[in-house]
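Down below is the structure, laid out as structure tokens.
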Amino acid sequence: MGLVMRIGALVTAVGVLLAALAAEVLAASDIRSVRLWRAPDNTRLVFDLSGPVQHSVFTLAAPDRIVIDVSGAKLATNLEQLSLANTPITGVRSAQRSADDLRVVIDLSAPVSPKSFTLAPNQQYGHRLVVDLFDQGSAPPATQTPSIAAGAPPVPVTPTQPPPKLTPVPNGKRDIIVAIDAGHGGEDPGALSPVKGQYEKHVTLAISKELQRQINAEKGFRAELVRTGDYFIPLRKRTEIARKKGADLFVSIHADAAPRASAFGASVYALSERGATSETARWLADAENQSDLIGGAGNVSLDDKDKMLAGVLLDLSMTASLSSSLNVGQKVLSNMGGITPLHKRRVEQAGFMVLKSPDIPSILVETGFISNPNEAKKLHTASHQQALARSITTGVKQFFHENPPPGTYVAWLRDEGKIAAGPREHVVARGESLALIAQRYQISLASLRSANKLNGDVIKVGQTLQIPATALAAQ
């Protein structure tokens, strides 16, 4: 009898607990605020929530509208405060269809293609509902659905294939293209500064714009900004944008942060071999790589995409790209050391997502520690931003004067003898041999040994080799 009573009491307790949990799940979440970001090809609306919700999105025509039905939600903010300038949105209105069901209607001046998804809480934000409105001609990826209910599994995405490289025109004089990526943006502020109102995203964009101005002042060079304003771009799309612009070099600008406010100094990173071959296991552990989680990359699937990407990264072209990245990175770092303290005096390597382009040399420049009060103040000044940009520009020029892509104006200058043919350098990457390096630069193994005073063929990863000045790199 006692056992039956105990079992009955346990069942009752479990029932009460489940009922309480169900009530909590079913309780309406508040929409606490709504934020809007405008990008070149889309408008993003972010609804900050007090808890998880389910939602659906559909379009209406004549007139054009987007309707967002949110189950289990109440509006606890004013939609009229949104700035709608330079967007296709003409108005945002709402109605409480029932006690826990909210409808939001977005009035439009032109048709758009919607994409929506929810994001779980992270260290910076709580629950969020994100609605992206893509302008006509800029539809969202085909694998993404118009709406994704809370908890729905992500849809795998196939990586974009790189466009074929243009065949170099003999005696061509095209510009060398440098893609400049200002880190973070939009609802992803990046590292926070002790200076009130200062975010990494603002500092990186200011330095990037100054860097673009200085590079464009150099004949034979053209700089393209990946991010031109305060909006979010997923990490993978940044390298895709660079590739579409035909970039010969990818430079990602950031400002570092550390738990200790005393940490200081600039750094330059290239991709690590370990990071390239174990991307799935490592990218979430890196603070910069969490940008997609903070900013909301939607339904990106790491599984299928990373297996395919890992295969590409094992190609020999990745080895050549890594070597060039280390080379240009060291030149940039050396020049930065003339105007600001360095955190490390050699190029470091890590598995940054934005550096994982197998065909474009890529570096990530940490311009200083924004978490350090003194460096944060300097990073905020135009004079220091100009000096940083000047040092990066000088390093980039030095690299391309030694290694001009074929068919460029700089290559033409070199071939005409109008650029002093000084000694070139090669930073040894993992997997390279002395014979492979000699073959790449079309020189004899003996001349390479002689130029570096080597008795044998043993070389180390990270070692800098002098390439005889008369040798032309194999392209």
Practice prompt. Determine, stepwise, if the pair D181 / R238 fulfils salt bridge (Lys or Arg N to Asp or Glu O under 4.0 Å).
Written response: CA-CA 7 Å; D181 169 43; R238 294 173 188 253; 2.7 Å; yes
Worksheet item: Does some side-chain heavy atom of D69 sit less than 4.5 Å from a side-chain heavy atom of D101?
Response: no
Worksheet item: Does a side-chain heavy-atom distance below 4.5 Å link V365 with V251?
Response: yes
Worksheet item: If we only count heavy atoms from C-beta on, is the I363 to V332 side-chain gap below 4.5 Å?
Response: yes
Worksheet entry | OG1 on T394 to CZ on R390, rounded to 0.5 Å | 8.0 Å
Fill in: Distance-minimising heavy-atom pair for A266 and L333
O-CD1, 4.3 Å
Worksheet item: Hey, does the side chain of Q386 reach the backbone of S383 with a donor-acceptor pair shorter than 3.5 angstrom?
Response: no
Practice prompt. Nearest 0.5 Å please: distance from the CG atom of L379 over to the CG atom of L388.
Written response: 6.5 Å
Fill in: Sidechain-backbone polar pair: S267 side chain, H343 backbone, donor-acceptor under 3.5 Å
no
Worksheet item: What's the spacing between S208 OG and E224 CD if we round to 0.5 Å?
Response: 13.0 Å
Worksheet item: Would you say the side chain of F399 lies within less than 4.5 Å of the side chain of S324, judging by non-hydrogen atoms?
Response: yes
Fill in: Shortest non-hydrogen separation from G462 to V427 and the atoms involved
O-CG1, 3.8 Å
Worksheet item: What are the two closest heavy atoms between V347 and G329, and how far apart are they?
Response: CG2-C, 3.3 Å
Item to complete: State whether the side chain of K201 and the backbone N or O of G186 hold a donor-acceptor pair below 3.5 Å, judged by distance alone.
Response: yes
Item to complete: Test T239 against I241 for side-chain contact (heavy atoms from CB on, under 4.5 Å), laying out the working first.
Response: CA-CA 5 Å; T239 53; I241 292 172; over 6 Å; no
Worksheet item: If you draw a 6.0 Å radius around CD in E80, do more than 12 non-hydrogen atoms from other residues or ligands fall strictly inside?
Response: no
Fill in: Contact summary for Y199 and I370, nearest pair of heavy atoms
C-CD1, 4.0 Å
Item to complete: Apply the test ring-ring contact (aromatic ring centres under 6.0 Å, His included) to residues H184 and F232: give CA-CA distance (whole Å), side-chain angles for both, the deciding distance (0.1 Å), then the verdict.
Response: CA-CA 7 Å; H184 307 279; F232 176 76; 9.1 Å; no
Discussion item. Set out, in order, the CA-CA distance, both residues' side-chain angles and the distance that settles side-chain contact (heavy atoms from CB on, under 4.5 Å) for V34 and L82, then state yes or no.
Written reply: CA-CA 8 Å; V34 182; L82 288 173; 3.9 Å; yes
Discussion item. Could you report the tightest heavy-atom contact between P88 and V112, atom names first, then the distance?
Written reply: CG-CG1, 4.0 Å
Discussion item. Let's go through E187 and R44 carefully: what are the C-alpha distance in whole Å and the side-chain angles of both, what is the deciding distance for salt bridge (Lys or Arg N to Asp or Glu O under 4.0 Å) to 0.1 Å, and is it a yes or a no?
Written reply: CA-CA 10 Å; E187 71 237 47; R44 167 166 288 194; 3.4 Å; yes
Worksheet item: Considering only heavy atoms from C-beta outward, does the side chain of L36 approach that of T43 to under 4.5 Å?
Response: yes
Worksheet item: Given the rule in the side-chain contact (heavy atoms from CB on, under 4.5 Å) test, do K74 and S29 qualify, once you have shown the distances and angles that lead to the verdict?
Response: CA-CA 6 Å; K74 294 181 179 178; S29 298; over 6 Å; no
Discussion item. Under a 3.5 Å cutoff, is there a donor and acceptor pairing between the side chains of S252 and H254?
Written reply: yes
Worksheet item: Counting heavy atoms not belonging to R35, are there more than 12 under 6.0 Å from its CZ?
Response: yes
Worksheet, complete the sentence: dist L205:CG -> Q385:CD (nearest 0.5 Å) comes out at 10.0 Å
Worksheet entry | Atom pair CG/OG1 of L84 and T87 - distance to nearest 0.5 Å | 5.0 Å
Discussion item. For the backbone of L271 and the side chain of Q349, can you confirm whether one donor and one acceptor N or O come within less than 3.5 Å of each other?
Written reply: yes
Worksheet entry | pair R222-R174: side-chain heavy atoms closer than 4.5 Å | no
Worksheet item: Given side chains that start at C-beta, do those of P40 and Y231 come closer than 4.5 Å, heavy atoms only?
Response: yes
Worksheet entry | Main-chain N/O of D107 paired to T90 side chain as donor or acceptor, under 3.5 Å | yes
Practice prompt. Go through the steps for R32 and H127 under the test side-chain contact (heavy atoms from CB on, under 4.5 Å), then give the verdict.
Written response: CA-CA 10 Å; R32 293 172 171 172; H127 290 276; over 6 Å; no
Item to complete: Let me see the working for E240 and R243 under salt bridge (Lys or Arg N to Asp or Glu O under 4.0 Å), right down to the final yes or no.
Response: CA-CA 5 Å; E240 289 179 11; R243 186 174 286 109; over 6 Å; no
Worksheet entry | Polar side-chain atom of Q214 near backbone of L211 as donor-acceptor pair, under 3.5 Å | no
Item to complete: With sequence neighbours excluded, tell me which residues meet side-chain hydrogen bond (donor to acceptor under 3.5 Å, both in side chains) with S391.
Response: none
Practice prompt. Determine whether more than 12 heavy atoms belonging to other residues, nucleotides or ligands lie under 6.0 Å from atom CZ of R65.
Written response: yes
Item to complete: Identify the two heavy atoms, one from V53 and one from G72, that lie closest to each other, and give their separation to 0.1 Å.
Response: CG1-O, 3.7 Å
Discussion item. Tell me whether E200 contacts the main-chain N or O of G190 through its side chain, where contact means a donor paired with an acceptor under 3.5 Å.
Written reply: no
Worksheet item: About how many Å separate CZ of R97 and CZ of R103, when rounded to the nearest 0.5 Å?
Response: 4.0 Å
Fill in: Main-chain N/O of M336 paired to T340 side chain as donor or acceptor, under 3.5 Å
no
Fill in: Note, V104 side chain near V67 side chain (heavy atom, < 4.5 Å)
no
Worksheet item: Between T408 and I176, is there a donor-acceptor pair closer than 3.5 Å when you use the side chain of the first and the backbone of the second?
Response: no
Worksheet item: Would you find a donor on one side and an acceptor on the other, under 3.5 Å apart, between the side chain of R227 and the backbone of G229?
Response: yes
Fill in: side-chain hydrogen bond (donor to acceptor under 3.5 Å, both in side chains) partners of residues 369-382, not counting sequence neighbours, each pair once
Q198-H380
Worksheet entry | Candidate list D135, D230, D132, test salt bridge (Lys or Arg N to Asp or Glu O under 4.0 Å), partner R38, passing option | D135
Worksheet item: Is the gap between the ring centers of H55 and F47 under 6.0 Å?
Response: no
